[in-house]
Structures are given as C-alpha cells and as structure tokens.
Amino acid sequence: MSKRRYVARGVPGGYRIWDNKGRRWWGDLYELCPDDLLTELNSLADPDRISTLLKRYRALKR
C-alpha cells in the first residue's frame, strides 16, 4: 500500500495539509477542516481539486 500524497494533520490552532512527496506544509492553516476538503484528501487527493477547494476557503476567510 502506498502512502497518500496529501493528508490533513492537526496542528496547534487547527489543521494543515501535509505533502508527503514534497515533505512540506501545503496551503493555509484552517481552524476547522472543511468536510469536502477532508473527503478529497482521504480519497483520490487530486491536486487540482484540492487547489480549487483551498482557493474557495481562502476567499471565505477574507
């Protein structure tokens, strides 16, 4: 079984997305992990879909 590329990890203050391939944090800090983002991370983890979701939630934070 291969390791997932992107995973949501709890950090102080909320959640962040960890990129296993790039070995770095990816995206912003979220106080709550949105359900559709978490579902995408736990399924296919399509980078384009994840980017779209991140842009939507980043815009809502403003």
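Since the model is a prediction, treat every value here as computed from it, not as a measurement.
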*Roughly how far, to the nearest 0.5 Å, is CZ of Arg49 from OG1 of Thr39?*
9.5 Å
*Below 6.0 angstrom between ring centroids: does that apply to Trp18 and Trp25?*
yes
_Minimum heavy-atom separation for Leu37 and Leu53, please, with both atom names._
CA-CD1, 3.8 Å
*Taking all non-hydrogen atoms of both residues into account, name the closest pair between Arg16 and Val11 and its distance.*
CG-CG2, 3.6 Å
*Interatomic spacing from CG in Asp36 to CZ in Arg56 - rounded to 0.5 Å*: 5.0 Å
